[in-house]
There are 2 protein chains.
Amino acid sequence: MADQTLPAQIADQLRRDILRGILRPGMSIKERDNADKLGVSRTPLREAVRILATEGLVELRPARSPIVSIPSVKQVADDVEVLLAIEKMSAELACARATEAEIDALAAIVDVMADKFDTVDAVEMFEIDMSFHAGLARAAHNPSLADIHSTFLSRLWRSRFLSAIQRRNRERVVDHHSQIVAALRARDTDAIRTALGAHLDRLAPDIINVITQEIEQASATADRKDDL
Amino acid sequence: MADQTLPAQIADQLRRDILRGILRPGMSIKERDNADKLGVSRTPLREAVRILATEGLVELRPARSPIVSIPSVKQVADDVEVLLAIEKMSAELACARATEAEIDALAAIVDVMADKFDTVDAVEMFEIDMSFHAGLARAAHNPSLADIHSTFLSRLWRSRFLSAIQRRNRERVVDHHSQIVAALRARDTDAIRTALGAHLDRLAPDIINVITQEIEQASATADRKDDL
DNA sequence: CAACAAATTTCGGTATACCAAATTTGAACG
DNA sequence: CGTTCAAATTTGGTATACCGAAATTTGTTG
């Protein structure tokens, strides 16, 4: 837990807080306050905030406090559009390039998911889900592609999470993942395209629904202030 | 030229130096030296280096001097693969979403290119070329997509430049661009796909050739040191 | 009581000081 | 002459000091 740089660790901490909703969209992230709270100086915290900015999780405003991004519906829709394209591309490349070991690892994730099916809570289940998609991106053997995939994944993490826990269709997810793994094993590009399509096509409208709701709620609750 | 933040300006300066080859791949970017040279302190320079790191132009090594990235053939090939996918996706979306004004702007760029044909130097011609592709990405009306497009464009800028000046086929470039604009006007997705395909398909092998050559040269010339 | 203006506080941006790790240098020894 | 180890220096990482611009508060006035 300590081989990462300090700014990266701070970014991890802040990212968790944002994705879990502890730092809510629109909240300001004051450098001094948060630095004190985490027991570090402003310099590494500042750098951590920049990291999160490149991920789109916070928004930098010149000469003003950075705020937790409050993505518009349009922005989320755009991000989803890109993420879908990246995942489709990754899957097709993985179909040609994934090693058997990588496919085994993905299959193992599906097994874990099927096992823990109704014992595990939403957050953990969702993290397993995301690890499957990250693994699929990595199996394309293109680090640049995997990079931007993880960027958009984290950018949409919270929306996707809110969407996922809403409709608890775990068995369908496991089923889809199994089909994807099967297509990988068969090296069948067409099959993986349809399997992933079935898995992801509902994603866009679902996520956009969730975000629309959240924005409506947010406009009801007015301005917020950073706690202690 | 002053509405940008200071780190962004510094990053611009360093980026130019890298892309123009003044800062050669493998050179170390020492914080104190470059800060002094540019008349700023380490803090904003440091931040500028981080910006370039996210663009892939410099490589950060924990507790060591950052160096100008010396991309491997594999990395360049991966980047090209991603860039091609992004440009194809952008073009198809632009076909459906570009406004007439945006298409006009692209057409104007093609005209400028045709005009300056044999009066302008390689660098300027290339910058016009790149502005066309950036404009095409923007016409897709998806800022997230345009963002990563510009990232990969700058990451490959130098390779693409070296490749472009090598084979001076300006008329073919103008011709291709014209076809792309025509396809946009006709809102013909298939046509734009083939036009862009013709334009870009030669890109991958060309760039990879150039990089392979440069790496061979670099291994001949041994280690380098930062000047003054 | 409302509204505007001035003073004060807050906060991000930049510069600088300090520290620890890493590199380099050079001297001593084989 | 080469190798090795330690002292000195270089360098990135972090903390802090300082500054100017925002934002907030307060006091005054209509």
Side-chain angles (χ1 to χ4, degrees), chain A residues 1-14 17-18 23-24 26-70 222-228, chain B residues 1-14 17-18 23-24 26-70 222-228:
Chain A
M1 191 270 225
D3 49 82
Q4 273 191 122
T5 67
L6 181 57
Q9 292 179 44
I10 299 173
D12 286 346
Q13 178 62 43
L14 291 177
D17 288 349
I18 293 173
L23 291 174
R24 311 261 291 268
M27 275 187 179
S28 66
I29 303 179
K30 303 199 203 288
E31 293 185 356
R32 282 171 240 262
D33 291 358
N34 289 78
D36 290 350
K37 199 178 300 182
L38 296 174
V40 297
S41 85
R42 286 176 58 200
T43 314
L45 181 125
R46 188 180 166 77
E47 194 172 324
V49 169
R50 308 297 150 143
I51 293 174
L52 298 177
T54 71
E55 295 176 1
L57 290 180
V58 311
E59 186 181 337
L60 299 179
R61 310 172 298 175
R64 281 214 258 320
S65 283
I67 61 173
V68 179
S69 288
I70 159 172
D223 51 334
R224 297 203 169 279
K225 194 68 189 174
D226 209 352
D227 53 330
L228 73 130
Chain B
M1 191 269 221
D3 49 76
Q4 274 190 121
T5 67
L6 181 56
Q9 291 179 46
I10 299 173
D12 286 347
Q13 179 62 44
L14 291 177
D17 289 348
I18 293 173
L23 291 174
R24 311 260 291 270
M27 274 187 178
S28 65
I29 303 179
K30 304 199 205 283
E31 293 185 357
R32 280 170 241 263
D33 292 358
N34 289 78
D36 291 351
K37 199 178 300 181
L38 297 174
V40 298
S41 86
R42 285 176 59 202
T43 313
L45 181 124
R46 189 181 166 75
E47 194 173 323
V49 169
R50 308 295 150 148
I51 293 174
L52 298 177
T54 70
E55 295 176 1
L57 290 180
V58 311
E59 186 180 338
L60 299 179
R61 310 171 297 175
R64 281 212 258 319
S65 283
I67 60 174
V68 179
S69 288
I70 161 173
D223 52 334
R224 297 200 171 284
K225 196 65 187 173
D226 208 351
D227 55 328
L228 75 127

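The analysis underlying the following values was restricted to heavy atoms, covering all of them including side chains, and did not include hydrogens, waters or symmetry mates. In what follows, every chain begins at residue 1, and chains take the letters A, B, ... in the order their sequences are listed.
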Side chain of [X] - closest among [options]:
| X | options | value |
| --- | --- | --- |
| A/Val40 | C/dG12, D/dA15, D/dG12 | D/dA15 |
| A/Pro44 | D/dG13, D/dA15, C/dG12 | D/dA15 |
| A/Arg64 | D/dA23, C/dT23, C/dT14 | D/dA23 |

Contact class for A/Thr43 vs. all strands (heavy atom < 4.0 Å): base, sugar-phosphate, or nothing?
->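 Base contact.
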B/Gln9 side chain vs B/Gln4 backbone, donor-acceptor pair below 3.5 Å
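Side chain of B/Gln9 to backbone of B/Gln4, a donor-acceptor pair under 3.5 Å: yes, one is there.
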What integer distance in Å separates [X]:[atom1] from [N]:[atom2]?
| X | N | atom1 | atom2 | value |
| --- | --- | --- | --- | --- |
| A/Leu38 | D/dT14 | CG | C1' | 15 Å |
| B/Glu31 | C/dA21 | CD | C1' | 14 Å |
| A/Leu6 | C/dA21 | CG | P | 14 Å |

task: Can you measure from OG (B/Ser28) to CZ (B/Arg61) and round to the nearest 0.5 angstrom?
output: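 Result: 7.5 Å between the selected atoms.
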Would you say the side chain of [X] and the base of [N] hold a donor-acceptor pair, judged only by whether the two atoms sit under 3.5 Å apart?
| X | N | result |
| --- | --- | --- |
| A/Arg61 | C/dG12 | no |
| A/Arg42 | C/dG13 | yes |
| B/Arg32 | D/dG12 | yes |

